[in-house]
Amino acid sequence: MTSRLASRLLNWYRLQGRTLPWRGHPDPYAVWVSEIMLQQTRVEAVIPYFEKWMRLFPTVKELAGASEQDVLNAWEGLGYYSRARNLHKASKIVVEKHGGELPRDLKALRELPGIGRYTVGAIASIAFNMDEPTLDGNLRRVFARLFDVSEAADSPAGEKILWNLTAGHLPRGQAGDYNQALMDLGATICLPRNPRCLLCPLMEICEARANGTQEQRPVLKPRKETPFFTHAAGVMTMNGKVLLAKRPSKGLLGGMWEFPNGRVDGEPAEELESALEAGYQLKVRTGEALVTVQHAYTHFRVMVHAFRCELVNTSANENLKWVKLEEMADYPMGKVDRQIARVLHG
DNA sequence: AACCCGTGGAG
DNA sequence: TCTCCAAGGGT
């Protein structure tokens with residue numbers, strides 16, 4: 001039994017659904033890669049990365065055999081780099097424990113790093129045509145509006161209601177199309193701001209059920225305000241090489257490379273030396289500022305002053321490396337450090 | 001539960 | 001310029 005909602009939705013999807021590189025792809029691996037890339041990331045940003053990724057790592061086995069450096073390089077610019085590290089880890093597990101094939105078992109999928117409740121439902125329904133619901137930001141918004149969900153949509157209580165709503169309308173045998181239709185609807189019609197209700201295939205149902213509260217849905221918890229920090233970075237060049245540091249594997253930009261830097265509270269030029277000593281066991285003499293970069297991360301903003309430094313002394317450190325200027329592109333960096341690197345390269 | 005994790009586009 | 005937030009997961 002297909003609900004009226006699902007029926008309207010599926011008819012609309014056949015006519016208005018988007019054509020995307022991973023849609024109709026025969027390989028579950030392609031669906032997997034796309035779902036990881038699409039976490040908190042827009043379709044337009046993902047497409048070029050997906051196509052490059054599938055050229056570099058066409059199969060699970062080739063991904064598993066790649067170095068973390070190559071994997072992070074392929075991901076550079078897409079953000080949330082733990083996704084790349086987890087996908088890489090998971091590919092090795094799939095090769096070792098599942099014969100190189102993505103398992104069709106919900107529990108086995110859920111245990112792979114980087115695959116949570118949403119991604120299990122998406123892969124199971126889209127790649128394996130299983131009757132599984134899922135809930136992402138699009139479905140959350142669509143159902144919160146359609147059924148006047150006053151509970152905070154990003155709270156456990158609200159999410160439980162929303163999971164039940166989407167599961168309750170799931171059409172047997174067409175869960176993949178149903179889930180993707182709701183995502184397309186959320187991304188092109190039921191927009192966060194200024195929804196295009198006149199083009200919506202569910203307008204009639206929505207008007208009947210939503211009590212006119214659509215513009216006030218979904219209810220979301222208030223955000224915390226973002227702090228601001230100032231950092232100083234040291235640019236140390238010698239014989240056509242520059243000193244780079246590898247970040248810890250966890251946390252912000254985990255496993256990526258950067259110019260040695262530290263947080264400063266007073267005048268950057270005066271504090272840089274002590275900051276670098278604390279973080280990198282370096283002795284340096286600062287010179288003139290090379291470039292200043294501002295950047296807004298999700299949870300804080302930074303201003304980074306990059307200084308040319310004269311190196312006096314350094315202790316042994318595995319995470320420090322002298323890199324030829326022409327080879328900086330081979331070292332995965334976040335946006336800020338890539339910007340500094342570009343200034344150096346000319 | 002609350003917090004952390006990137007980047008870019010839209011308004 | 002500034003705020004919002006996007007096919008979430010991990011801790």
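Counting non-hydrogen atoms under 4.0 angstrom, A:Arg18 reaches a base of the nucleic acid. Within the nucleic acid shown, A:Trp75 has no heavy atom closer than 4.0 Å to any nucleic acid atom. Here A:Gly186 lies out of heavy-atom contact (under 4.0 Å) with every strand. A:Ile126 comes within 4.0 angstrom of nothing in the nucleic acid, heavy atoms only. Contacts of A:Leu253 with the nucleic acid, taken as non-hydrogen atoms under 4.0 Å apart, involve only primed sugar atoms and P, OP1 or OP2. Contact annotation for A:Arg223: base contact, defined as any heavy-atom pair under 4.0 Å involving a base atom. As judged by a 4.0 angstrom heavy-atom cut-off over every strand, A:Gly77 is placed among residues touching the sugar-phosphate backbone only. Residue-level contact check: A:Lys221 touches the backbone only, with heavy atoms under 4.0 Å from sugar-phosphate atoms and none from bases. Residue A:Arg247 is out of contact with every strand shown, counting any heavy-atom pair closer than 4.0 Å.
No hydrogens or angles considered: nothing links the side chains of A:Gln39 and A:Arg83 as a donor-acceptor pair under 3.5 Å. Donor-acceptor pairing under 3.5 Å is recorded for the side chains of A:Thr59 and A:Glu62. Using a 3.5 Å distance cut-off with no hydrogens or angles, the side chains of A:Asn11 and A:Arg8 do not pair a donor with an acceptor.
One P atom belongs to C:dT11, the other to B:dG6, and the distance between them is 14 Å to the nearest Å. Separating the P atom of C:dA7 from that of B:dG11 is a span of 14 Å, rounded to the nearest Å.
Side-chain proximity of A:Tyr297 to the nucleotides B:dT7, C:dA7, C:dC4 is greatest for B:dT7. Nearest to the side chain of A:Thr119, among C:dG9, B:dG6, C:dC5, sits C:dG9. The side chain of A:Pro192 has C:dA6 as its nearest neighbour among B:dG6, C:dA7, C:dA6. When each of B:dG6, B:dA1, C:dA6 is scored by its nearest atom to the side-chain atoms of A:Pro156, the top-ranked nucleotide is B:dA1. In this structure, of B:dG6, C:dG8, C:dC5, it is C:dG8 that holds the atom nearest to the side chain of A:Gln39.
A:Asn86 has its CG atom 14 Å from the C1' atom of B:dC4, to the nearest Å. One interatomic measurement links the two molecules: NZ of A:Lys335 to C1' of B:dC5, which rounds to 16 Å at whole-angstrom precision. Note: CZ (A:Phe229) to P (B:dG6) measures 15 Å, nearest angstrom. Note: OH (A:Tyr49) to P (C:dA6) measures 20 Å, nearest angstrom. Between the CD atom of A:Glu44 and the P atom of B:dG9 there is a distance of 9 Å, given to the nearest Å. As rounded to whole Å, 16 Å separates atom P of C:dG9 from atom NZ of A:Lys89. The nearest whole Å value for the distance from the CD atom in A:Glu132 to the P atom in C:dA7 is 21 Å. Per the geometry, CZ belonging to A:Arg42 stands 11 Å off P belonging to C:dG8, to the nearest Å.
Residue-to-nucleotide contacts include no donor-acceptor pair under 3.5 Å from the side chain of A:Ser82 to the base of C:dG10. For A:Thr41 against B:dG6, a side-chain N or O and a base N or O form a donor-acceptor pair under 3.5 Å. Scanning atom types as modelled, one donor and one acceptor separated by under 3.5 angstrom connect the side chain of A:Tyr80 and the base of B:dG6.
Using a 4.5 Å heavy-atom cutoff, the side chains of A:Thr237 and A:Arg308 are in contact. Looking only at side-chain heavy atoms (C-beta outward), A:Gln180 and A:Leu20 stay at 4.5 Å or farther from each other.
Put simply, A:His299 has a side-chain N or O that comes within less than 4.0 Å of OP1 or OP2 on B:dC4. Of the side-chain N and O atoms in A:Gln40, none sit less than 4.0 angstrom from OP1 or OP2 of C:dA6. Of the side-chain N and O atoms in A:His295, none sit less than 4.0 angstrom from OP1 or OP2 of B:dG6.
With salt bridges taken as basic N to acidic carboxylate O contacts below 4.0 Å, none links A:Arg209 and A:Asp148. Using a 4.0 Å cut-off between charged side-chain N and carboxylate O, A:Arg4 and A:Glu204 make a salt bridge.
Along DNA chain B, the nucleotide closest to A:Leu252 and the one closest to A:Arg193 are compared, and the more 5′ of them pairs with A:Leu252. Comparing A:Pro113 and A:Glu35 against DNA chain C, the residue whose closest nucleotide sits nearer the 5' end is A:Glu35. When each of A:Asn194 and A:Arg85 is assigned the nucleotide of DNA chain B with its nearest heavy atom, A:Arg85 is the one assigned upstream, toward the 5' end.
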